[in-house]
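Right, one structure below, let's go through it.
Predicted, not measured: the structure shown is a model, and the values here were computed from it.
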Amino acid sequence: MSDADSAAAAEVGEGARDFIRDIVRADLAAGRSESVVTRFPPEPNGYLHIGHAKSMCLNFGVARESGGRCHLRFDDTNPVKEEHEYIEAIEADVRWMGFDWGAHLYHASDHFETLYAWAEHLIQAGLAYVDDLSAEAIREYRGTLTEPGKDSPYRERPAEESLDLFRRMRAGEFPDGARVLRARIDMASGNMNLRDPVIYRILHARHPRTGDAWCIYPTYDFAHGQSDAIEGVTHSLCTLEFEDHRPLYDWLIANLPVPTVPRQYEFARLNLAYTVLSKRRLIQLVEEGHVSGWDDPRMPTLRGLRRRGFPPAAIRDFCKRIGIAKADNLVEVALLEHCARELLNKTAARRMAVLRPLKVVIENYPEGQTETLKAINNPEDPSAGTRQVPFSRELYIEAGDFMEAPPKKFFRLAPGREVRLRYAYFITCREAVKDAAGEVTELRCTYDPTTRGGDAPDGRKVKGTIHWVSAAHAISAEVRLYDHLFTVPVPGKTGDVLDDLNPDSLTVLEACRLEPSLSQAAMGAPVQFERQGYFCPDPDATPERPVFNRTVALRDTWAKIQKKSQKRGG
RNA sequence: UGGGGCGUCGUAUAAGGGCAUUACACUCGGCUCUGGACCGAGUAAUCGGGGUUCGAAUCCCUGCGCCCCAGCCA
């Protein structure tokens with residue numbers, strides 16, 4: 001392969017390889033398209049989720065790789081369901097994902113006048129007619145999956161009559177549902193979409209953009225492909241459920257005086273385990289209060305993921321890794337989590353935070369004394385520098401880092417055991433103080449003053465290093481831990497989706513103690529709480545009380561070992 | 001005999017007549033002041049049955065399974 005070839009391949013494919021990119025490459029090579037134009041076409045009736053991110057990455061990605069462009073187009077053909085609020089939110093979410101549509105922002109409603117003219121064109125060509133049948137009657141006449149439909153009694157209506165009626169529909173002479181405009185194709189087709197599909201319906205509803213200018217609106221099928229053609233879209237990429245619509249898409253393009261001929265290609269939508277990605281389900285979760293809102297950190301919405309702390313670059317990486325194909329899929333959450341960890345590991349500042357505090361008193365450390373110790377901000381990034389962490393006689397450590405009767409592989413604190421306090425001293429546990437109920441409430445320990453900074457001059461090693469905070473200097477905070485929203489990989493598969501909701505998807509820890517540097521510095525940035533996970537500040541925080549969300553936990557080998565031994569032990 | 005689509009490691013994918021690829025997950029080992037990260041190794045797949053061929057995941061035949069479609073939603 002020549003340098004020019006490989007450069008072109010790199011530019012077009014950028015390493016990514018899938019059947020869509022193969023088609024695009026072939027079309028470019030064969031001169032079928034001079035340049036590539038794609039579009040991301042959300043309907044403004046809800047918030048974007050990670051499935052939309054897959055579509056965005058494909059559409060914007062293919063365009064960028066091939067030196068083309070990608071439009072943002074709102075499919076706003078149904079004013080009954082759509083709201084302006086969503087338009088702004090969607091634009092913000094697309095930008096947050098890092099995509100730029102430049103000057104190419106469109107709405108299907110921008111094309112309403114042309115679409116209307118094309119509808120008249122179809123009527124005049126004898127390819128569309130106004131039908132007076134009710135919605136129920138149309139359904140009955142449509143037939144079933146295995147039986148052909150019947151022609152509507154209005155199917156042979158003269159073009160002039162349909163034209164007159166259609167104009168009067170536009171003029172507002174008829175109530176909602178009184179009549180529709182139908183394409184005249186084939187009531188016996190095996191493809192239901194070709195059984196004279198409705199292409200215009202009467203809707204006396206105020207449209208978010210066109211206001212009261214219209215009382216008839218085109219359906220998706222009559223708007224989407226034609227909008228593609230008007231905007232010069234070359235490759236109209238959509239999900240598999242529209243495969244059946246392609247013959248209709250092509251029929252309309254073939255029978256209308258369109259300026260360009262777009263082609264539709266379909267790929268498999270994303271399914272993510274332990275969550276739902278259908279707009280209907282997501283709306284239900286919000287409206288019925290199963291989550292706190294569209295931006296609940298447990299939601300697979302982009303707003304939810306953002307609040308949870310997933311960086312857009314991690315989501316893009318995820319989309320790249322899952323690929324594009326036509327087979328139904330169910331992607332593991334572990335992959336998304338991996339993408340977040342990989343990015344955050346490189347970028348997140350390390351801090352010490354004790355989520356479930358257990359008090360430790362260093363008996364041989366002078367009362368009232370405080371010293372500061374140097375801690376590294378990010379071992380993966382020397383340029384992140386260091387910080388000072390206060391140390392004193394009374395500390396908090398993680399309750400889980402102490403066991404009274406430790407099993408074999410437990411490397412942390414236990415009676416008589418020595419561990420390292422990260423960046424500080426070696427300490428040895430002398431006694432576990434218990435309350436009346438037998439619960440450990442405090443640890444009495446001693447420290448070795450010669451191990452300041454974390455290394456013993458005599459070269460002795462400790463197996464465990466644990467995190468800590470100085471009791472007197474710590475700030476208190478709330479930390480929210482999240483688990484899957486649902487308990488099963490495919491919610492609703494065997495019954496009501498709501499029955500599969502995970503009652504433990506949210507854990508709120510109220511009494512967390514954080515190192516003081518967490519009170520001010522870079523509150524917007526993600527941090528790693530050492531040995532625990534990646535966290536980000538939540539907007540619920542107040543100046544007095546920070547709130548952190550756990551984006552994703554660190555890989556936890558100890559938890560795995562524990563689980564295994566539990567299984568073995570019965 | 002409605003129409004359309006899809007079946008490759010546990011998951012997601014690549015290869016489109018010539019060594020079944022890569023990543024995640026998993027297992028084992030190394031290293032480590034995070035049981036993190038990192039490094040190394042390993043387990044693991046072409047839906048079944050025929051056929052063509054020197055050679056089939058790939059081509060042909062046949063069977064099976066799964067998904068989508070009967071909105072005036074998109």
Side-chain angles (χ1 to χ4, degrees), chain A residues 17-18 41-43 45 75 77-78 80-82 131 133-135 138-140 142-149 176-182 188-195 197-203 216-217 219-221 223-224 238-247 266 268 270 273 279-280 318 320-339 341-342 345-346 350 352 375-376 379-380 409-412 419-424 426 453-455 461-467 489 528-533 553-561:
Chain A
R17 184 98 212 194
D18 54 64
E43 184 191 10
N45 71 338
D75 248 330
T77 57
N78 188 351
V80 176
K81 292 190 173 179
E82 296 150 8
D131 196 340
L133 251 29
S134 70
I138 287 179
R139 192 183 324 118
E140 282 162 24
R142 189 154 32 224
T144 70
L145 293 179
T146 52
E147 299 163 295
D176 287 4
R179 289 178 228 266
V180 292
L181 183 68
R182 291 229 254 169
S189 173
N191 182 342
M192 302 297 279
N193 295 117
L194 263 21
R195 317 243 264 228
V198 170
I199 58 177
Y200 260 94
R201 71 288 214 196
I202 301 170
L203 253 26
I216 58 171
Y217 293 91
T219 56
Y220 164 85
D221 286 309
H224 200 95
C238 62
T239 45
L240 252 29
E241 66 269 29
F242 292 100
E243 227 156 7
D244 283 350
H245 292 243
R246 184 163 15 100
E266 311 86 12
L270 168 67
K279 220 175 271 182
R280 187 179 149 266
F318 170 75
K320 190 174 181 178
R321 288 172 189 248
I322 58 176
I324 298 290
K326 294 193 76 164
D328 288 338
N329 58 78
L330 183 63
V331 177
E332 292 177 342
V333 187
L335 184 60
L336 213 209
E337 295 182 337
H338 168 80
C339 293
R341 285 194 195 102
E342 188 173 75
N345 175 50
K346 298 274 188 287
R350 313 289 127 124
M352 292 198 284
I376 294 165
E380 303 289 327
K409 288 178 186 155
F410 188 78
F411 304 147
R412 283 107 94 148
V419 299
R420 172 168 38 230
L421 294 179
R422 178 138 234 230
Y423 300 124
F426 286 12
D455 285 303
K461 302 283 182 199
V462 288
K463 201 76 163 118
T465 299
I466 64 175
H467 61 278
Q528 182 196 102
F529 290 171
E530 292 221 19
R531 304 208 302 132
Q532 308 200 89
L554 250 29
R555 285 187 63 218
D556 190 346
T557 307
W558 168 237
K560 245 178 235 170
I561 294 169

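The residue A/Thr557 sits close only to the backbone: its heavy atoms come under 4.0 Å of sugar-phosphate atoms, none of a base. In this structure, A/Glu243 reaches the sugar-phosphate backbone alone: every heavy-atom distance under 4.0 Å involves primed, P, OP1 or OP2 atoms, never a base. Among the protein residues, A/Thr239 comes within range of no part of the nucleic acid, since none of its heavy atoms lies under 4.0 Å from any strand. Nucleic acid contact for A/Phe318: none, since no nucleic acid atom lies under 4.0 Å from a heavy atom of the residue. Counting non-hydrogen atoms under 4.0 angstrom, A/Tyr200 reaches nothing in the nucleic acid.
Distances shown here put a side-chain N or O of A/Thr77 below 4.0 Å from the OP1 or OP2 atom of B/rA74. An OP1 or OP2 oxygen of B/rA37 is reached within less than 4.0 angstrom by a side-chain nitrogen or oxygen of A/Arg555.
The same atom, P, is picked in B/rG4 and in B/rU62; the two are 15 Å apart, to the nearest Å. Comparing B/rC73 with B/rU27, their C1' atoms are spaced 48 Å from each other, to the whole Å. Nucleotides B/rU58 and B/rA15, compared at atom C1', are 9 Å apart to the nearest Å. One P atom belongs to B/rG16, the other to B/rA20, and the distance between them is 14 Å to the nearest Å. For the C1' atom pair drawn from B/rG50 and B/rG42, the interatomic distance equals 37 Å after rounding to whole Å.
The distance between atom CG of A/Asp75 and atom P of B/rA74, rounded to the nearest whole Å, is 8 Å. Between A/Lys81 atom NZ and B/rC72 atom P there is a gap of 12 Å when expressed in whole angstrom units. Going from atom CD of A/Glu82 over to atom P of B/rA74 covers 7 Å, rounded to whole Å. Rounded to an integer number of Å, the gap from A/Asn191 CG to B/rG5 C1' is 12 Å. Put simply, CD on A/Glu147 is 16 Å from P on B/rA70, counting in whole angstrom units.
Among the nucleotides B/rA70, B/rC68, B/rC24, the one closest to any side-chain atom of A/Glu332 is B/rC24. The A/Glu43 side chain lies nearest to B/rC73 when the options are B/rC26, B/rG4, B/rC73.
With RNA chain B read from its 5' end, the first of the two nearest nucleotides for A/Gly454 and A/Glu241 is the one closest to A/Gly454.
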